[in-house]
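Each chain gets a letter, A, B and so on, in the order the sequences are listed, and its residues count up from 1.
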Amino acid sequence: MTSDTPGGLMARLRRRRSQPRGRVRRRLGTVVRLTLALTLAGGVYAVFAPGLSADDTPQLSTAAEEGKALFDQSCISCHGRNAQGVPDRGPSLIGVGAAAVEFQVSTGRMPMARQEAQAPRKPSMFNDDQTRQLAQYVQELGGGPQVPEGSLRAGEGDEEAIARGGNLFRINCSSCHAFSGGGGALSSGKYAPDLSKATDRQLYAAMLTGPQNMPVFGDNQLTPDQKKEIISYVQEALKQDRDPGGWGLGRFGPVTEGVAIFLVGIVALVFAALWIAGKS
Amino acid sequence: MTTDTHAHDVEPEEVDIDDPRLSRFEIVREGARRDGVEIVHYEDPFPVKGTKAERRTVRTVSLFFLITGIAGTAFMVIYIWWPWQYELGANNSKLYTPLLGLTLGVSLLAVGFGILTWGKKLMPREIAIQDRHDGPSARDQRKLTGETMAYIVDELGIKRRKTLGLAALAGLAPIGLVAAAPLIGGLIKSPTKDRIFFRTGFDPAANGGRLVRLTREDGTPIRPEDVSVGGQMTVFPGIPDGATNKHADSPTLLIHLREDDAERTRADAKPINQGAQWENFVAYSKICTHAGCPASLYEQQTNRLLCPCHQSQFLITDNARPIFGPATRSLPQLPITVDEEGFFVATSDYKVAVGPAFWERP
Amino acid sequence: MKRRKVDVSAVPAKAAGGLDDRFQAATPLRNILNKVFPDHWSFLLGEIALFSFIILLLTGTFLTFFYEPSLAVVTYDGSYAPLRGVHMTSAYASSLHLSFDVRGGLIMRQMHHWAALTFMAAIVVHMFRIFFTGAFRKPRETNWIIGSLLFWIGFLAGFTGYSLPDDALSGTGLRIASAIMLSIPVIGSWVTTSLFDGEFPGTVIMGRFYIAHVLLIPGALLALISVHLGLVFKQKHTQWPGPGRTEHNVVGERFVPRYTIKQGGFFMIVFGVIALMGGLFQINPIWLFGPYEAYTVSAASQPDWYVMFLDGSTRLFPAWEIRFDLWGWGTAIPSRPSSGPRWCCRAS
């Protein structure tokens with residue numbers, strides 16, 4: 001396979017040279033190497049591919065064509081030509097839908113930097129337009145769920161909808177993402193992520209597609225309206241509503257409260273006791 | 001200062017407290033002495049009155065009390081006039097509690113520091129020594145008290161009149177039981193009545209013999225297409241109050257497995273779980289067999305179900321067998337099928353008791 | 001008529017004289033005023049616990065005016081919009097009510113909770129001091145045992161209080177407690193059904209926990225704290241070595257005024273710190289947890305810090321189920337092999 005060589009070379013390079021360098025430099029190096037490798041892969045592809053794919057590629061819209069170009073640059077090494085998947089590397093993307101692409105790419109989870117228990121959220125490599133183009137390409141390849149256009153909230157300030165969303169959140173979401181939306185641990189290094197950075201579209205796409213180990217909440221289970229209510233609850237109640245009882249201590253529950261009572265309460269009182277009993 | 005000697009082994013001569021030449025402090029010191037307390041060091045921090053240092057300390061203490069007054073007033077003003085009723089969003093009502101805490105805390109701390117500075121800086125310093133009497137009472141005291149108590153027993157004559165003692169014991173023991181009976185008798189409740197630990201809301205017997213549907217929390221029944229592949233749904237018995245805490249042992253997790261996982265699950269089913277699966281759908285009790293938390297963290301790719309309380313993990317594709325953590329038992333599987341109207345029903349109640357283990361459980 | 005002139009400066013002396021005529025208080029009172037207390041900061045750790053207990057009584061009494069210990073289901077329609085229309089128990093609804101619809105209720109609730117954490121933390125720190133200075137030895141063994149009892153009764157007070165709001169976090173804790181009770185050999189299921197009046201959660205548990213939390217447990221605490229202090233008063237503090245200090249004396253300051261001033265000032269400081277924490281640090285935001293339903297739970301559900309040793313050991317305990325099976329006695333289901341005395345631990 002043409003795209004194997006740069007990857008293998010990259011891995012060897014990384015193994016040999018990654019130890020003594022600083023984090024920032026390592027990251028920069030990774031980006032540079034990645035770009036180089038992808039350019040190389042794209043170039044090789046450009047030489048060989050057109051003739052091979054001409055007959056089996058369906059007619060693509062303009063946006064999808066743009067997306068395909070991006071895909072062939074950044075995604076093809078793991079997800080394969082025409083998103084068919086590469087065994088032990090990346091799954092086929094046929095039928096995952098635009099929603100899945102939008103979630104994975106806009107949260108920076110894809111492209112993955114390395115194989116690990118779970119792809120972490122990081123700054124996205126693509127801007128919104130590019131993300132939509134990629135999503136459009138995958139959508140036209142095999143269909144699948146899509147995030148609807150327009151507002152994904154149940155109406156600004158609709159408190160009844162927020163309350164309904166809260167109920168749904170506690171039944172369906174809080175077991176993994178915690179009452180506060182702060183996330184929590186799963187098995188073997190996996191985790192349910194913190195929702196604090198998630199946008200409306202990302203929340204919607206996550207429910208719709210069940211990324212990684214998250215269960216799928218299809219439209220028959222949570223209707224689009226219910227999804228919007230959950231989004232309203234997360235964004236307007238959990239995230240925008242300020243804590244009425246003072247600093248929320250990260251909303252981790254009794255753990256941080258226990259830390260606070262010793263580090264703040266008992267420490268302050270012991271210092272007071274030292275002063276009181278000290279010789280004046 | 002006295003050293004390691006018994007300060008009061010040598011009894012000092014009594015001071016005549018009516019002696020008009022004595023200062024008040026000397027009388028106080030005499031009183032302390034009669035209480036076994038020797039004031040060995042007593043020093044006024046400001047022997048010369050009205051020095052700069054003294055005035056400064058007085059000002060500090062006054063300032064603390066003034067801060068108390070200001071903070072206390074601020075507390076009252078905030079308590080009465082600050083918008084306090086909850087409003088969703090980021091607004092001033094959210095500052096009500098922090099401001100109350102800040103003003104109350106500052107005023108209390110200032111009182112505390114004011115009093116303490118007064119006591120520490122303005123009042124004379126003293127070192128007093130008091131005798132400590134560890135150990136037993138004097139020998140003759142012990143003997144007198146001991147004999148008195150022994151004589152009480154003699155007076156009652158229990159040693160001589162054994163029958164009386166036994167009779168009293170036999171008579172009083174039931175009285176003790178009578179005192180305990182209403183409490184224990186009122187509280188006690190049999191766990192075996194109606195086999196409550198072995199039945200859930202899915203028992204058709206409690207539903208007039210009809211099979212119980214699986215429903216959502218609002219009571220609507222569920223069709224197979226309601227749960228996507230790789231999805232899960234918390235379901236409840238479709239009976240009145242089925243989704244409330246009246247049936248706290250009934251919440252169940254309905255999972256739509258992928259084709260290959262479903263086949264593996266069917267092939268690996270234990271005898272008791274044979275036939276419980278309907279097509280690619282399985283339903284397991286959500287109540288952890290360890291301590292009863294809802295084990296509801298479903299990982300759709302690894303098919304593990306996690307309990308967030310004590311980190312037990314169950315493998316859904318292998319009879320929900322515990323594979324990690326403190327749980328010892330598999331999650332019970334609810335046998336399900338789809339009725340003629342196309343809704344999920346439980347073909348019977350759980351075959352084993354759900355939830356944490358107990359003594360009578362097989 | 002000419003009124004008899006009242007000499008104001010003579011009033012206290014006259015009043016004191018009148019009291020002594022009746023109670024002969026002069027000698028015992030002077031005894032107390034002159035009692036010497038040793039002066040060391042570590043002797044104030046126990047006071048933190050005592051003062052937090054007083055704050056607990058004050059704030060707790062306020063909370064009882066608004067809390068309703070009932071599991072009857074109501075529909076919430078208070079100020080907290082994100083829960084409006086949700087079905088919940090009266091216990092939870094009244095906890096929300098006192099947090100959002102009672103002026104200053106939230107800070108009282110938060111101060112109560114912080115004071116509870118301080119109470120337990122101070123007990124533990126105080127016990128460390130007693131333990132590492134050997135102050136538990138003869139003649140003070142009784143007071144050490146009473147102190148340990150105070151920790152455990154405080155533990156119960158904390159757990160019942162944690163359960164009363166009936167939010168999803170405390171309900172989960174209560175369910176774990178019921179599971180722990182179920183695991184008691186022989187009588188586990190009887191204990192559980194008797195406490196809950198049937199299956200968990202039943203309808204009476206909040207009433208029972210409430211009376212335990214506001215009457216029985218504080219009563220026991222108050223009684224034991226009185227004995228604890230009485231014994232310290234009688235047996236006197238231990239003291240650190242220093243110039244003039246021996247096994248047979250106490251070196252320090254007399255009770256009144258210096259020691260009482262320090263105590264009073266320190267009480268105000270403890271009160272102030274708890275007020276600051278109660279206002280500035282949010283604790284137990286029950287409105288985020290939602291009402292307790294048997295099917296809701298949050299990732300990382302935790303108890304308050306003084307219960308964490310139980311939570312941790314429950315996690316770490318190996319997956320064993322230890323069974324004592326005496327000829328099938330207690331067996332309700334025949335499928336269990338019950339052929340004789342058997343001891344087995346089974347790990348799946």
Side-chain angles (χ1 to χ4, degrees), chain A residues 157-160 162-167 169-186 191-192 232-233 236-238 241 243-249 251-262 264-266 268-279, chain C residues 39-45 47-48 76 81-86 99-100 106-107 109-110 113-114 117-118 120-122 125 162 168-169 262 265-266 269-270 273-274 276-285 287-291 293 295-308:
Chain A
D158 181 352
E159 292 183 342
E160 280 174 29
I162 291 175
R164 285 196 299 274
N167 237 5
F169 183 86
R170 286 187 292 274
I171 297 170
N172 295 300
C173 319
S174 70
S175 56
C176 299
H177 293 287
F179 292 123
S180 57
L186 296 174
Y191 57 92
S232 286
Y233 176 75
E236 288 170 42
L238 282 187
D241 189 38
D243 286 315
W247 180 35
L249 297 170
R251 290 183 177 173
F252 290 113
V255 177
T256 40
E257 292 160 10
V259 171
I261 200 61
F262 280 96
V264 180
I266 293 293
L269 291 173
V270 164
F271 273 108
L274 278 166
W275 176 71
I276 291 168
K279 298 281 165 279
Chain C
D39 201 18
H40 191 270
W41 68 269
S42 69
F43 297 142
L44 293 170
L45 296 172
E47 317 287 346
I48 302 176
Y76 180 73
L83 282 173
R84 231 176 266 154
V86 173
S99 303
F100 291 115
L106 182 57
I107 190 171
R109 220 196 86 220
Q110 298 204 137
H113 205 138
W114 281 120
L117 297 194
T118 313
M120 294 304 285
V125 178
Y162 174 89
L169 187 61
K262 286 185 177 177
F266 194 41
I269 287 181
V270 173
V273 167
I274 286 173
L276 280 180
M277 294 192 80
L280 299 179
F281 298 153
Q282 177 168 289
I283 188 165
N284 201 25
W287 52 91
L288 290 178
F289 304 152
E293 304 283 0
Y295 52 87
T296 62
V297 73
S298 169
S301 286
Q302 301 284 350
D304 276 347
W305 75 266
Y306 46 85
V307 189
M308 280 181 187

- Task: Could you tell me which portion of V297(C) (side chain, backbone, both or neither) has an atom closer than 4.5 angstrom to a non-hydrogen atom of chain A?
- Result: both
- Message: Looking at every heavy atom in both Y233(A) and P82(C), which two are closest together, and how far apart are they?
- Response: CE1-CB, 4.1 Å
- Task: Quick one: which of I107(C), I48(C), T118(C) has the most heavy-atom pairs under 4.5 Å with chain A, could you say?
- Result: T118(C)
- Message: Please classify the contact between L274(A) and chain C as side chain, backbone, both or neither, with a heavy-atom cut-off of under 4.5 Å.
- Response: both
- Note on the structure: For R84(C) and A163(A), the nearest pair of non-hydrogen atoms, with its separation, is O-CB, 3.3 Å
- So, do L276(C) and V264(A) sit near enough that their side-chain heavy atoms are less than 4.5 Å apart? no
- Message: Which atoms of N167(A) are under 4.5 Å from chain C, going by heavy atoms: the side chain, the backbone, both sets, or neither?
- Response: side chain
- Query: Under a 4.5 Å cut-off applied to non-hydrogen side-chain atoms, are V259(A) and W305(C) in contact?
  - Reply: no
- Message: Does any backbone or side-chain atom of L238(A) lie under 4.5 Å from a heavy atom of chain C? Answer side chain, backbone, both or neither.
- Response: side chain
- Message: Taking side chain as everything from C-beta outward and backbone as N, CA, C, O, which of these in M308(C) sits under 4.5 Å from a heavy atom of chain A? Side chain, backbone, both or neither.
- Response: side chain
- Heavy-atom nearest pair, D304(C) first then Y162(C), reads OD2-CD1, 3.8 Å
- Message: For a side-chain contact (heavy atoms from CB on, under 4.5 Å) check, start with the C-alpha distance between F289(C) and T296(C), then their side-chain angles and the critical distance, and finish with the verdict.
- Response: CA-CA 9 Å; F289(C) 304 152; T296(C) 62; over 6 Å; no
- Do L117(C) and Y306(C) touch side chain to side chain, with heavy atoms closer than 4.5 Å? yes
- Message: Please classify the contact of L106(C) with chain A as side chain, backbone, both or neither, using a heavy-atom distance under 4.5 Å.
- Response: side chain
- Query: Going by heavy atoms in the side chains, are I261(A) and M277(C) under 4.5 Å from each other?
  - Reply: yes
- Query: Between R164(A) and chain C, which part of the residue has a heavy atom less than 4.5 Å away: side chain, backbone, both or neither?
  - Reply: neither
- So which part of L249(A) gets closer than 4.5 Å to some heavy atom of chain C, the side chain, the backbone, both or neither? side chain
- Query: Under a 4.5 Å heavy-atom cut-off, does chain A meet the side chain of Q110(C), its backbone, both or neither?
  - Reply: side chain
- Item | Heavy-atom closest contact (G265(A) atom, V273(C) atom, distance) | CA-CG1, 4.3 Å
- Relative to chain C, which of A178(A), S232(A), G258(A), A192(A) shows the most heavy atom pairs under 4.5 Å? A178(A)
- Message: So for N172(A), is it side chain, backbone, both, or neither that comes closer than 4.5 Å to the heavy atoms of chain C?
- Response: neither
- Message: Using heavy-atom distances under 4.5 Å, tell me whether F100(C) contacts chain A through its side chain, its backbone, both, or neither.
- Response: side chain
- Message: So which residue, V125(C), L44(C), V307(C), ends up with the most heavy-atom pairs under 4.5 Å with chain A?
- Response: L44(C)
- Query: Do S298(C) and L288(C) come close enough that some side-chain heavy atom pair is under 4.5 Å?
  - Reply: no
- The interface call for I269(C) against chain A, heavy-atom contacts under 4.5 Å, is both
- Item | Selection from P244(A), A260(A), A268(A), G248(A) maximising heavy-atom pairs under 4.5 Å formed with chain C | P244(A)
- Region of L45(C) that comes under 4.5 Å of a non-hydrogen atom in chain A: side chain
- Item | Residue V270(C) versus chain A: region with a heavy atom under 4.5 Å | both
- Query: Would you say the side chain of R170(A) lies within less than 4.5 Å of the side chain of V86(C), judging by non-hydrogen atoms?
  - Reply: yes
- Message: Other residues, nucleotides and ligands only: do more than 12 of their heavy atoms fall within 6.0 Å of OH on Y191(A)?
- Response: yes
- Task: Would you mind telling me which of A272(A), S175(A), G182(A) has the largest number of heavy-atom pairs within less than 4.5 Å of chain C?
- Result: S175(A)
